[in-house]
Structure formats: C-alpha cells, structure tokens
Student: 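Dropping the structure in here first, questions after.
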Amino acid sequence: MALGPCPGKLAIPAPETTRSDHMTTTPRLTPLRYDPTELDRKWQQRWAQDNLNHVNDDDPRPKWFGLTMYPYPSGDLHVGHWYAMAPSDAHARFMRMKGYNVMHPMGFDAFGLPAENAAITRGIHPHTWTMANIERMRGQLRSMGTIYDREREVVTCLPEYYRWNQWFFLQFYKKGLAYRASAPVNWCPTCQTVLANEQVVDGKCERTGDVVIRRQMNQWFFGITKYADELLDFSNVIEWPDRIKLMQTNWIGRSEGVQISFDISDLGLDDKELRTFTTRIDTIFGVTFVVLAPEHPLVEQLTTPGQHDAVHAYIQQAGEASEIDRLSTEREKTGVFTGSYAINRLNGEKVQIWVGDYVLASYGTGAVMGVPAHDQRDFEFAKKYDLDIRVVVAPPAYDGQPFTEAYVDKGAGSQVNSGQFDGLPNTDGYKAIADHIEAQEWGTRTITYRMRDWLVSRQRYWGTPIPIVYCEKCGTQPVPEDQLPVVLPEDAEFKPTGESPLKYNEGFLHTTCPNCDGPATRETDTMDTFVDSSWYMYRYASPHFDQGPFDTAKTAQWAPVDQYTGGAEHAVMHLLYARFFTKAIRDLGLIDFGEPFLRLFNQGSVIHGGHKMSKSRGNVIAPDVYVNDLGADIVRLYLMFMGPWEGGGDWSDTGINGVARWVNRAWDLCLASTDALPDADAASDRDVTRLTHQTIRRVIQDIERFKYNTAVSAMMEMTNQLAPIHEAAKVSKGVWRDTVSSLLLLLAPLAPHITEEMWERTGHTGSIHAQNLPAWDESLAAIDEATLIIQVNGKVRDKITVPADITEDQAKQTALASDKVTPYTQGKTIDKIVFVPARYLISVVVKG
RNA sequence: GCCGAAGUGGCGGAAUGGUAGACGCGACGGUCUCAAACACCGUUGGGGGCAACCUCAUGCCGGUUCGACUCCGGCCUUCGGCACCA
C-alpha cells in the first residue's frame, strides 16, 4: 500500500513543461534559537538508550493499538509519507500520555510491481532493491522521531512472513474458500505477457504501444462474496466515516431480484435454458430480446453459421474495450444478433438472442433480458437495432403514446400487456409474477452482488508463491503445510518483456507430487500483494512467531486495531479485503472478532503547486532538507498546521517559516527568566489560569478529532496572549510555571524533541513523554464576561459586553434598550425574541 | 460513465444552524541597523462614508428558517476509487 504517491511506473522523465513556477530553489528558512540537528540527535539517541518506545505486553495499563497503513518501500520517505505518519504518531503519543499502553508499529509492504520494474530497467534483483530501500527508509523513519518499536517491524517479502500467506491460502483451499476459475487478464500479444492495469495506457501496452486484448486464464480466487452480507454490516465497528461505509456498500452492490430462465431446448444444445438475472421481473412481459456478454460461454454455440463472422468480429472488438468504457451510460450501446432465438416462457414468445458488450460476464448470469420500455440501456439498444419496445408498466395517466425514453419508475405504474397480471399495481405485479415463476419452476428469487470474488493470482515474480502443485495423475494438489514456505527462488532472469521468471525457473517449476511422489509442476503465479496487507496488523503482536501466522494469545491481547489511519484511496479494496480476511480467520478459529479496525480515519494528500505530489510531475518535496535545517518537529508541526488532516494540504515553502517563527517565540517564552515575576497574587493570574485551562480543553478535544491544525492554532493563540503578560510581569511565578508546563505537555505529542529539551531545561526530571496530559477544570476555564450579539431580523445590529451569568430576561431587556437596535424596532411589531444562551445571542424578529 | 468527497480573502485555512474570515503565509507601512537579514509594531475581502457606520460577499440557481459556509433540490468545477499501482 503506497502511502501517498509512489508511482510504480517505469521511470518516465518529468516533462519539462510541467516544471514551472512552483519549482523553487533552496527555500529561505527561518534560523532557529537552537541547533535542531543536534537536538534531534540528542533525544533520538537518549530515547533509544532508555528504550522509551519499547512496547511491553505485560504493561498493566489498558492497551491501545494505533496503526498507520504501512508503506511500499519505494526508496525514499517523502512528504507524503510524513503526512501519513507524523500526525498518527502524534495521536499514538497523545494516547500514551492519556494513560494507555500504546502499540504503534511500522512495517513494509515489500512485494510489488516496482521492484520488478527496477529489475528489468536497472538489472537489480528485486530482493536487493527492496531491502536496500527498506534500510534507507528505516533511517528516515527514525529521523521523524516516531515511536515505532523496531522490534515489531513486519517485512512482507521475507519467507518468515509470506509463508503464512501460503498457510492461509491452504486453509482457505481446504474450506473451499480458495478456488480456481477462468478470468480475463490484460494480454500484450507482442510481449506475450500479462500486463497490470497500470501498464495499459489508453488500451495499449505501455512498452510496445500495441493494443492490449483481454484473454481468459485459469486463476485463483478467494470467495469474498460468501461474506458479502456480513461485509455490509458495520454494526461492530465503533467509528468509521459514513462515506467509506457508503462506498463499500455500493461496491458490494447487493440487489434482490429473480433469476429467470429462457427456453432454448429446441436448439438441440446440451444447455436447455438460458439464465438471466433481473431486478425488474414485473417487466418480464416486455422482453423483446435477450443480450449475452461477449464472454458468455454459450455465445459460440448459439451463433448460427450465417452470423458467425459478424459475432466473431464483434467479440474481438469488445475484447479491446475496457470495462469502464463498457459500463459508460454515455457510450453507444452496440451488439450483434447471434441468429438464435429463446422462448419467454411467460408468453411463449420467441425473442432474438444478441451479444452486446454493455452486458458484463462478471455480473449476475452474464445475460440480461432486454426490456426496452423500462430500462434505458435496453431502450437505446432497441432504438439502434430497431427492436420492439413494448410497454408493460403503464405510468399513471398514460396516454398510450410511444415512449421517448424508458419508463423506469418502480411502484407508481400498473401492469399492462402482461397477460393474467394486467391491471395489477406495479408492486403487486412484481410479487405475483415472481410467485408465478417460482411455482412454475422457471426461476427463483435470488440476490446478486456487484462485488466479484477476489482474484488473487498474479503472473509475476515478486510476490508470494501460491502453494499448489499440479500432478498429471493426481491433479491439483495443495503443498503440505510442513513443506512451507514455498520459497521464491533467488536465481531469476528478468526479461525485458516483464514476463514472470518463475515460469522458466526449472528448479522451482519441477517438483514431486505430495500425493504420489510422481513428477509434478508448481503453480507459477504469485499472490496479489493485498493478501499481505489483509492480515499484517495481527503479525505486529508477535512479529517473529514461527508456529503460526501469529501468537493467538498475543493477538487476542492487542487486536483488533483501535485506530487505523491511512489514505482514502484504500476506502474500498484494501479495507474490504482486510475485513474479509478477519472474518475468514475468525471462522478458522484464530481470533474471536470479525472487524479488524474499530475506528478508521482517512487523511487527505499533500498538494504542491496545485497537484498531488508525484515523481512523474516533478513536484515531490523531499523532507530531508527541511529536517536538516529546521528539525523534525517543525516539519511535523507544519504538516499538522497546514490544514485539516482529513482534507490534505498545500505545501508552501514560506508557510513552514510561520511555524518556525512560532516555535522560536514559544522557545523564548517557555525558557524566559521568571526572576522579575512576583511570588504571588499578580494582576493577570486569573486570566492566565483561564487561558491555560481553555487551551488544554481546546487542544485535547481537537487532537481527539484529529484536528491538529486548530490544536496548533490554539497553542499559538495561547503564546500570543501570554507574551505581553510575561513581559509586563503581571503573572506570578507559580502560575507561570504551571502554564508553561501545561503548554509543553500539550505540545509534546506533536513536537517530541523540542518539548523534551524544554522540559529538561525548565527543571523537570524524567521524559516528558512518560507524563500524563494536563486536565482542564471547567470552572477555571469559565468566562465571567461575554459579548451579547443582538440581531434584528437576522442581521447583527449591536454587540454588548454582559456578565456571563446573564438571565434570559436581562439579555432581552439589554437588547431592546440598545440605541443601535431601537431604530430598527421603532414603529414595528415585535413578533418574537429568540435567545441562544450558549452563543449569547438575541434575535429580535420584527414585522411591519 | 458509475460510486464517494470537496469548493470560503492574494494564498493555506477557521466557524455544535447563531458575530464569516480564528491561526498562519504573503503584501504594504513603520521601528531597529551604516545597510541588510532577523526581530518587533501596525494595516490588509469588495464598494460607499470625514466619521459613527452602512452595504455586498462562502462555486452557480432555487428552497427551508427569526437566522444558512453549514440543511434540502438542481447544476458547474476539481479531487479519490472503479477490482493487476499500492
């Protein structure tokens, strides 16, 4: 899972034209009061020495498992990674200071396409390339000052990890949850190889420019649709964004309908009927044709000799269109007649069987009944090919005229031209027709999902080998568990076509059958990397366990994940696969819960120069130069201050200076001498205390909601107000010490290094990160004066300072007495007066 | 195309249906300096007014409400995903 932009494309040089105004040279950065490099180094070393970030399983405090999506080791940690990791690190630190035993680990999603591309273009072995990248990124992760416990790192391309992918595969296989079936792949005829979607540009091979065709291959699937209904149920998560739940719900796409068969027995084929799925069985009498997907298994047999050439040409053409294009409602609906007919059993009519690419083989039965009067796609299709359009659901007050578009409303119309069902209201018609069909055994009510089973086969090298052996005698044989892992061979020849070296690795390919000991060949496909990321969270509890995928006792102690954060681009696939895996693992008896992530938060992405950062655009910001000059804390703080984490933010070289200036001011203020301050009873003590408690409240509430930007603002406002008070010595020593301590504690999760330094310099012992957050006291945070806002007909007319405990009557009297208000009320009738106590707002409504 | 989001000053953004523009950047004016940098002080949405203040303004068009950036309906634009990038 790449966090942020890590394009896996073969290196494409950045077009010169896009390197424009936003490509600044070395930015001018604010000089700091301290040496950030030295300070970062000092504390990172100290924390390592003291093992401050070691996570202890036996810690008596309540556990908190905070997880950030692990990155793909693309080579360098860039600002996009920091944007994902720094705020989540701050949250984990925040939870630790709230009294939890926090596990906030990090690992690497180390299998994937870019490593193979590096092998092809640069001749580096994927393993070498990946491990070197991981080593470099480990150092960069340390430079952020994160609390990752390095003993808990997970690296998915190591056999100690991926053998458990294989183990899961075998368990799924035993349960029938892993199975082999035919599915299309992108095929480049020139390269003679399978292409990833990413390698297909405008329907052409990225490398050769040849038109990519879809080709059927036998591939492995996981039966995620068996869990479709449970995946629609979000009642066991605590806090997930509604939009993610909605996207997953729509992705799963449950629809209730009827599977209805058309009679093709007079054609003399093995299949006597043609099955279709419809959600509108009430329109069955309006069927004037049937359309099959070009990939439908019966197309070949149904095509008459006279139509053979036309159908074949059409299928070839359809093989070049992408699924997104085929589903477009704007695209012209095309098709070709097979020459055969099917019988609609409800009225005995013969209807033409067509092939059309707006029907997908992967949805429903791969065949649809064409009801042009009541489905817009069918309507367009019928218009184009001059097929009958028969109204069977009359809209209310229907005048009998031909439709100019399909009438698709459900429920309002009534059945016509529908035999014995004529005159029934549409909804009753649906029930009656469905009952009739079930009674006649022509079809059944059924549920179809848009979601398909998970295709896990990849025709690639750099992935987990699928633990299956093919024996001529015994057929498909799972590799016995005691022979795991099936190790990815290191000797591999990478051809410039991108073809998987596994197919030609004799030592890997040839093996013996685990059943009969005869000669056999291994499956050479590897697994989708989403398999790795579907259960990695459970591995962190026991990352080096070798008796199973994880130590079930440890996982029971830590899992499920309390807070998961990562990019919204994973809203559906990764998160759905991980939910499926969790339920499947639960059914294997390894865990006793069904949801992997109790709370979910998706951050936005960092924009620079108006675009998401990407290597190909040439607008990537390397954090290293900023870290060197300003230190990790200021980069962390700026990323959090830039904008709401959820919405992403716009990187600005000057903007980071604003945070640097504030850190300078805060540094001066917190370390300023207190000699000139009175010992007690200073004029502003109450104000300072109130400000402190208000700020504690704001910051804690903001961080709980991941609103780091306003949390930082609140602390900026606090120092802005404190500076003149300290300058004028209007605060006493004790109150000042408390306020500085509170500020440092609040800032510590966000800026761990400088707060640790200031904590030490202000005379505290022990790490600031081992402290608890300050608590606020509502009575100390309370105001004693408020501004009463007075509106007349919704427009603000006056603002008056009043005591905080003003009553409603007093507020109303004050409002009506205001000489800014009377001109608007004079000679008019006061309709009503609204008082909003929480807002100190009076709204006077006048008439006339 | 489908699914999901987002549009507020010159810029990043703030605002449980209740003072629109907090906080910060930039810009302008000033202090300090031989000069600059740093720092500090002040101004900074548009229009009108000497001023008090008035008025317009949260992508566009409508609606609900005493009151709408916020809720509802319809558009426009941008972004994320669409099953083999991760």
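These numbers were taken from a predicted model, which means no experiment stands behind them. Chain naming here is simple, since letters A, B, ... match the order of the sequence lines and numbering starts at 1 in each.
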Student: At under 4.0 Å between heavy atoms, what does A:Gln791 touch on the DNA or RNA strands: base, sugar-phosphate, or nothing?
Tutor: base
Student: Classify the nucleic acid contact of A:Phe641 as base, sugar-phosphate or nothing, counting any heavy atom under 4.0 Å across all strands shown.
Tutor: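 Contact class for A:Phe641: base.
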Student: Hey, which of these two, A:Asn793 or A:Trp251, hits RNA chain B nearer its 5' end, going by closest nucleotide?
Tutor: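 The answer here is A:Asn793.
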Student: Identify whether any heavy atom of A:Ser328 sits under 4.0 Å from a base atom; if not, whether one sits that close to sugar-phosphate; answer base, sugar-phosphate or nothing.
Tutor: sugar-phosphate
Student: When we call it a touch if two heavy atoms are under 4.0 Å apart, what does A:Leu841 touch: a base, just sugar-phosphate, or nothing?
Tutor: base
Student: Using a heavy-atom cut-off of 4.0 Å across all strands, would you classify A:Ile833 as base, sugar-phosphate, or nothing?
Tutor: nothing
Student: Tell me what A:Gln219 touches on the nucleic acid: a base, only sugar-phosphate, or nothing, going by heavy atoms under 4.0 Å.
Tutor: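 A:Gln219: base contact, heavy atoms under 4.0 Å.
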Student: Base, backbone or nothing for each nucleotide of nucleotides 38-57 of chain B, written B, S, -, heavy atoms under 4.0 angstrom, 5' to 3'?
Tutor: -SS-------------SSS-
Student: Suppose you measure atom C1' in B:G74 against the same atom in B:A20; what distance do you get, rounded to whole Å?
Tutor: 26 Å
Student: Roughly how many Å apart are B:G13 and B:A22, using the P atom of each and rounding to a whole number?
Tutor: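 Looking at atom P only, B:A22 and B:G13 are 15 Å apart.
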Student: When all nucleic acid strands are considered with a 4.0 Å heavy-atom cut-off, which category describes A:Val185: base, sugar-phosphate, or nothing?
Tutor: base
Student: Are A:Tyr72 and A:Asn133 close enough that a side-chain donor and a side-chain acceptor fall under 3.5 Å?
Tutor: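 A:Tyr72 vs A:Asn133: no donor-acceptor pair found between side chains.
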Student: Applying a 4.0 Å non-hydrogen cut-off, can you work out what A:Glu323 is touching in the nucleic acid: base, sugar-phosphate, or nothing?
Tutor: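 Answer is nothing: A:Glu323 stays at 4.0 Å or more from every strand.
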Student: Return no unless some side-chain N or O of A:Asn709 is found under 4.0 Å from OP1 or OP2 of B:A14.
Tutor: yes
Student: Starting the side chain at C-beta, find the nucleotide from B:A83, B:G81, B:U16 nearest to A:Glu569.
Tutor: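 Of all the options, the side chain of A:Glu569 is nearest to B:G81.
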Student: Classify A:Asn720 by what it touches in the nucleic acid, base, sugar-phosphate, or nothing, heavy-atom distance under 4.0 Å.
Tutor: sugar-phosphate
Student: Mind telling me if B:G80 is syn or anti? Syn here is a glycosidic angle within 90° of 0.
Tutor: anti
Student: Mind checking A:Ser843 for me? I need base, sugar-phosphate or nothing, with any heavy atom below 4.0 Å counting as a touch.
Tutor: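 It contacts base atoms.
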Student: Pairing check on B:G24: which nucleotide meets the Watson-Crick or G-U wobble criteria with it, both distances under 3.5 Å?
Tutor: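 Answer to the pairing question: B:C11, which forms a Watson-Crick or G-U pair with B:G24.
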Student: Which nucleotide, in any strand shown, forms a Watson-Crick or G-U wobble pair with B:G62, with both distances under 3.5 Å?
Tutor: B:C72
